[in-house]
Amino acid sequence: MEKIKVFLKGFPLPNKSILVFVLTVLLVLLTEDYLISFSILSHHQSVLFVLAGTATAFYFYLLTKRRASDTNNRHGLRNPVKSILDSSDEMVWAIDTNYRLLVFNEAFRSSIQLFSGHDCLVGDNILSIEMGADNHEWRAHYDKALRGITFSFEDRLPEEVGGMSYQNSFQPLRNESTGKIVGVSCFSKDITWKVEQEKKLRESSQRLQLVLDSARMGIWDLNMRTWEAQFNDLYKQMLGYATHEIDGSQTTWEGLLHPEDVSLAWDCMNKHIRGEAETIDMEYRMRHKDGRWLWIHNRGKIVERDLDGIPVRALGTHYDITQRKLAESELQKLSLVASKTHNGVVITDANARVAWVNEAYEKMTGFTLAEIVGKYPADAVSGPDTDSEAVKRIMAKLAGKQIIREEVIYYKKNGEKIWVALEITPIFDADGNLERFISIETDVTDRRKHDNQRLILEAAVKNIAEAVLIISKPCKKDNSLYRVVYSNDAFFEMTGFSPEEVKHNNPINLLRGPKSDNEKLARVFGAIARENYVQEDLISYKKNGESFWINLAVSPVGDLSHNNKHYFVAIVKDISEKKQAQNEALGLTNELVSRNKELQEFTQIVSHNLRAPVVNILGLTQIFDKSQAFNEYNLKILRHLTESAQQLDTILIDLNDILQVRESSTQAKQKFILKDLVQQVLSSFILQIEESGAKISLQVDESIQLEAIRGYVHSVVHNLTTNALKYRNPRRPLELGVTAYTTKNDLVLWVKDNGLGMDTKLIAGKLFKLYKRFHSHVEGKGMGLFLVKTQVERMGGTIKVFSTLGKGTAFRVAIPIENCLVKEDEIQYALEVE
């Protein structure tokens with residue numbers, strides 16, 4: 001800007017700011033490659049050419065106002081302007097009305113030298129210079145501008161001189177005071193690259209349109225401000241509509257979508273808008289004009305956003321994939337069926353190259369789908385011993401689209417040879433075009449190696465000890481239509497029927513008799529009707545009317561070679577001796593139960609009847625006049641007699657308690673709250689607790705209820721509390737804790753104390769035995785823990801003890817959760833006793 005100011009100092013102009021503006025515009029025009037894009041310049045080129053012409057005219061006006069070149073040089077005028085013009089890559093020149101050059105820049109001079117081989121000077125006639133084109137044509141352009149017309153045009157040089165393209169702009173120069181036309185200002189820009197790009201763009205557009213037309217692909221152009229879309233004709237034709245029959249509104253688009261796919265489509269669109277997906281890529285259903293549903297693959301992308309990043313425009317394509325979807329559905333069904341068969345299945349394309357194989361094929365050959373996909377099957381499994389003639393026959397029939405049945409040698413991946421039976425079927429579409437081949441492949445190695453295997457098998461079935469029936473399945477669900485199609489000799493020997501009487505007879509007629517269990521027979525044939533395996537013990541009848549017990553086992557068997565009918569194999573075993581043995585065992589069991597009951601009754605009699613004499617003995621010993629014992633020896637005998645009677649009485653009382661436990665296991669269960677029961681037990685020890693100064697900790701939730709024999713639970717808590725009070729440590733106050741909670745499987749009850757404790761290793765296996773005691777300084781009989789364990793086990797539970805000598809003891813009682821009415825999360829209860 002400072003140079004421009006110096007440049008203007010020598011000019012007596014009325015308004016220098018105008019000149020500054022014009023020269024600045026000229027400078028911008030001549031250096032537009034650095035300031036603006038070509039696309040913007042081209043869009044506004046008519047305005048820019050006017051500005052450029054004005055600047056050039058003004059420049060020549062200044063030149064005519066100067067007296068001499070030395071004056072110009074003195075004021076520093078010519079060099080800056082010339083420098084500005086020469087710095088531009090575009091050609092700038094001007095002529096007067098006689099076609100003489102008034103001014104030009106370096107780019108113009110270089111072009112003249114390139115095309116004519118001569119230099120040019122101010123004052124040269126422009127028409128005498130070879131410009132690479134017809135000068136008559138250029139004169140017409142100059143004359144048009146001299147008539148006062150501003151215009152632009154493009155021209156292209158011949159290929160021999162480069163074949164470049166230019167954008168030319170001509171504008172008349174006028175005298176400022178008179179308005180008379182005094183010349184023409186010219187501006188020429190190299191647009192070769194633009195022309196080439198436009199040519200490539202046209203060619204690309206043509207190719208794209210050709211592809212779209214060939215692919216029958218619809219185009220949509222969405223205005224994301226208004227949600228109005230433009231569709232090409234193919235888009236509308238795809239849905240069966242004429243051009244004028246469908247608009248691009250959001251309502252129309254949603255109305256064409258399948259109701260189940262609307263939310264899916266919007267989710268996909270919104271993910272792309274939020275930047276979570278690079279493109280819009282979805283498949284959905286649209287309704288055709290005739291009412292049927294088409295599957296459409298929609299792909300698109302946002303192509304324009306505003307300055308705030310908000311989407312403005314999106315473009316995409318629609319492609320009808322209905323046939324592909326139908327083919328995929330059919331192929332999926334076919335693949336599902338093929339995947340379940342034990343035979344190898346190979347699906348190829350129309351060129352007989354592998355597209356899919358099932359798991360059975362992979363197991364049979366060792367080759368995976370990934371290893372052979374896209375190959376000819378024979379390329380993978382053929383080997384030295386493969387019959388080349390058989391391969392040729394297969395290839396010829398494939399080419400002829402014929403059904404193929406062959407047996408050939410395959411080589412597995414590990415090199416092992418196998419014989420494979422092939423049945424290849426061509427699959428055609430609705431128009432009769434070949435779509436694919438399906439090959440069912442069966443390993444028949446064993447059959448080829450042992451041709452007599454079937455005869456051996458038939459002989460084995462015929463002579464097997466068990467009776468065998470093969471029963472055919474009826475077309476309708478009717479038991480009366482089941483028929484025997486095969487029976488072996490063992491069945492004839494077992495039943496006395498002849499082959500003629502058995503074959504084609506209804507099997508129910510061969511099994512049912514006067515004492516048959518009809519409910520069991522109904523279950524058997526119900527399972528057969530559902531094609532399920534079934535096994536039952538039944539009373540059957542021989543031909544002579546004799547009844548006998550059989551074990552009947554029936555299995556369904558498919559046979560695709562007989563019109564897809566199904567068969568059932570029935571194995572019939574004579575179990576009469578087994579049933580007789582079972583009946584004898586049942587009799588023995590009943591006898592044992594009866595004897596056990598008698599033994600229990602005897603025990604009760606003993607425990608009750610013996611106690612009366614014992615009590616009498618004790619009573620007599622107490623009233624016996626000891627002064628009449630005569631001597632010390634008799635008194636000693638009397639004391640021993642009294643002690644023995646007391647011990648016998650204790651044993652009988654304990655025996656009675658044990659019998660009560662066993663008898664009470666059949667008592668009815670009661671519902672009760674566990675915490676209430678525990679508090680009731682503890683309250684019965686209130687005096688001992690107060691005298692000993694014991695601290696009681698009770699952690700039992702009120703929501704825990706039990707449905708069990710209440711007396712058992714009361715006895716367990718009572719005995720464990722008694723032990724804690726009885727075996728407390730005299731050196732410290734007793735701390736007794738009772739905690740209950742539920743786990744996933746059990747109700748858990750802990751009774752924990754800090755008493756004397758025990759050496760669990762020393763007493764292992766003895767703790768819960770009858771009459772076992774481990775602290776002799778305290779009174780006891782050794783019955784409590786035995787009764788606790790018996791009662792817990794009667795409730796289906798378990799009891800464990802954790803104890804350390806001198807530290808304390810904890811008992812863990814677990815009762816199955818089905819006895820707990822309210823389940824809670826298990827509370828971690830950490831014992832402080834090691």
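Computed from a predicted structure; not experimentally measured.
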From CA spacing to verdict: side chain to side chain contact (heavy atoms under 4.5 Å, CB included), Ile418, Lys412 | CA-CA 7 Å; Ile418 57 173; Lys412 300 170 70 172; 3.8 Å; yes
Kindly determine whether Val748 and Val813 satisfy side chain to side chain contact (heavy atoms under 4.5 Å, CB included), including the steps that lead there.
-> CA-CA 6 Å; Val748 179; Val813 176; over 6 Å; no
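- Leu398 has its side chain out of reach of Tyr376: every pair of non-hydrogen atoms, C-beta onward, lies at least 4.5 Å apart.
- Contact check for His318 versus Trp220: side-chain heavy atoms found under the 4.5 Å cut-off.
- Applying the ring pair (Phe, Tyr, Trp, His ring centres under 6.0 Å) test to Trp253 and every residue at least two apart in sequence or in another chain returns Trp266.
- Applying the side chain to side chain contact (heavy atoms under 4.5 Å, CB included) test to Phe428 and every residue at least two apart in sequence or in another chain returns Lys401, Pro426, Leu434.
- Inter-residue side-chain proximity for Leu422 and Ile404 is flagged as unmet; no heavy-atom pair is nearer than 4.5 Å.
- Not counting sequence neighbours, Glu493 has no partner by the side-chain hydrogen bond (donor to acceptor under 3.5 Å, both in side chains) test.
- Of all heavy-atom pairs between Tyr411 and Ser382, the closest is CD1-C, 3.9 Å.
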Passes side chain to side chain contact (heavy atoms under 4.5 Å, CB included), Met238 versus Met286? Steps please.
-> CA-CA 10 Å; Met238 189 183 302; Met286 296 189 79; over 6 Å; no
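- When all heavy atoms are compared, the tightest approach of Ile539 to Tyr541 is CG2-CE1, 4.1 Å.
- In this structure, the side chains of Tyr361 and Val381 come closer than 4.5 Å at one or more pairs of heavy atoms.
- Environment of NZ in Lys271: sparse, with no more than 12 heavy atoms of neighbouring residues, nucleotides or ligands closer than 6.0 Å.
- Applying the side-chain hydrogen bond (donor to acceptor under 3.5 Å, both in side chains) criterion to Glu406, with sequence neighbours excluded, gives Arg393.
- Listed by chain and residue number, Asp385 satisfy the side-chain hydrogen bond (donor to acceptor under 3.5 Å, both in side chains) test with Lys417 (two or more places apart in sequence, or in another chain).
- Between atom OG of residue Ser439 and atom CG of residue Asn343 there is a gap of 10.0 Å, rounded to the nearest 0.5 Å.
- Atom CG of Leu552 is separated from atom CG of Leu469 by 8.0 Å, given to the nearest 0.5 angstrom.
- Once rounded to the nearest 0.5 Å, the distance linking CD of Glu501 with CZ of Phe492 reads 9.5 Å.
- Shown here for Leu239 and Leu294, the closest heavy-atom pair between the two residues is CD2-CD1, 4.2 Å.
- The ring pair (Phe, Tyr, Trp, His ring centres under 6.0 Å) search around Phe548 returns none, not counting sequence neighbours.
- Pairs engaging residues 510-530 under the side-chain hydrogen bond (donor to acceptor under 3.5 Å, both in side chains) rule: Arg523-Glu536 [sequence neighbours left out].
- Between Val420 and Glu441, the shortest heavy-atom distance links the atoms CG1-CB, 3.7 Å.
- Residue-environment remark: CD (Glu276) exceeds the threshold of 12 foreign heavy atoms within 6.0 Å.
- Every residue two or more places apart in sequence or in another chain that forms a ring pair (Phe, Tyr, Trp, His ring centres under 6.0 Å) with His258 is listed here: Trp293.
- With sequence neighbours excluded, the residues that form a side-chain hydrogen bond (donor to acceptor under 3.5 Å, both in side chains) with Thr322 are Asp320.
- Heavy atoms only, all atoms of each residue included: Ala529 and Tyr482 are closest at CA-OH, 3.6 Å.
- Not counting sequence neighbours, the partners of Lys573 by the side chain to side chain contact (heavy atoms under 4.5 Å, CB included) test are Glu466, Asn551, Ile571, Ile575.
- Here Glu407 pairs with Trp419, Ala421, Val444, Arg447, Arg448 under the side chain to side chain contact (heavy atoms under 4.5 Å, CB included) rule; sequence neighbours left out.
- Atom OG1 of residue Thr442 and atom CE of residue Met364 lie 7.5 Å apart, to the nearest 0.5 angstrom.
- Remark: Glu435 CD to Ile427 CD1 distance equals 8.5 Å, nearest 0.5 Å.
- Residues Phe525 and Val534 have side chains not in contact (no heavy-atom distance under 4.5 Å, counting atoms from C-beta outward).
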Can you check side chain to side chain contact (heavy atoms under 4.5 Å, CB included) on Asp746 and Thr798, steps first, answer last?
-> CA-CA 10 Å; Asp746 301 307; Thr798 59; over 6 Å; no
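- Residues Glu531 and Phe568 meet the side-chain proximity criterion, which asks for heavy atoms closer than 4.5 Å.
- Shortest non-hydrogen contact noted between Asp349 and Ala355 is N-CB, 4.4 Å.
- Taken from NZ in Lys542 to CZ in Phe497, the straight-line distance is 11.0 Å, to the nearest 0.5 Å.
- Within the structure, the salt bridge (Lys or Arg N to Asp or Glu O under 4.0 Å) test picks out the following pairs touching residues 277-294 (sequence neighbours left out): Glu245-Lys289, Glu260-Arg285, Asp261-Arg285, Asp281-Arg299, Glu283-Arg324, Glu283-Lys325, Asp290-Arg292.
- Here the side chain of Ser576 pairs a donor or acceptor atom with the backbone of Trp549 at under 3.5 angstrom.
- Between Ile296 and Tyr284, the closest side-chain pair of non-hydrogen atoms falls below 4.5 Å.
- For the pair Ile403 and Ile424, the minimum side-chain heavy-atom distance is 4.5 Å or more.
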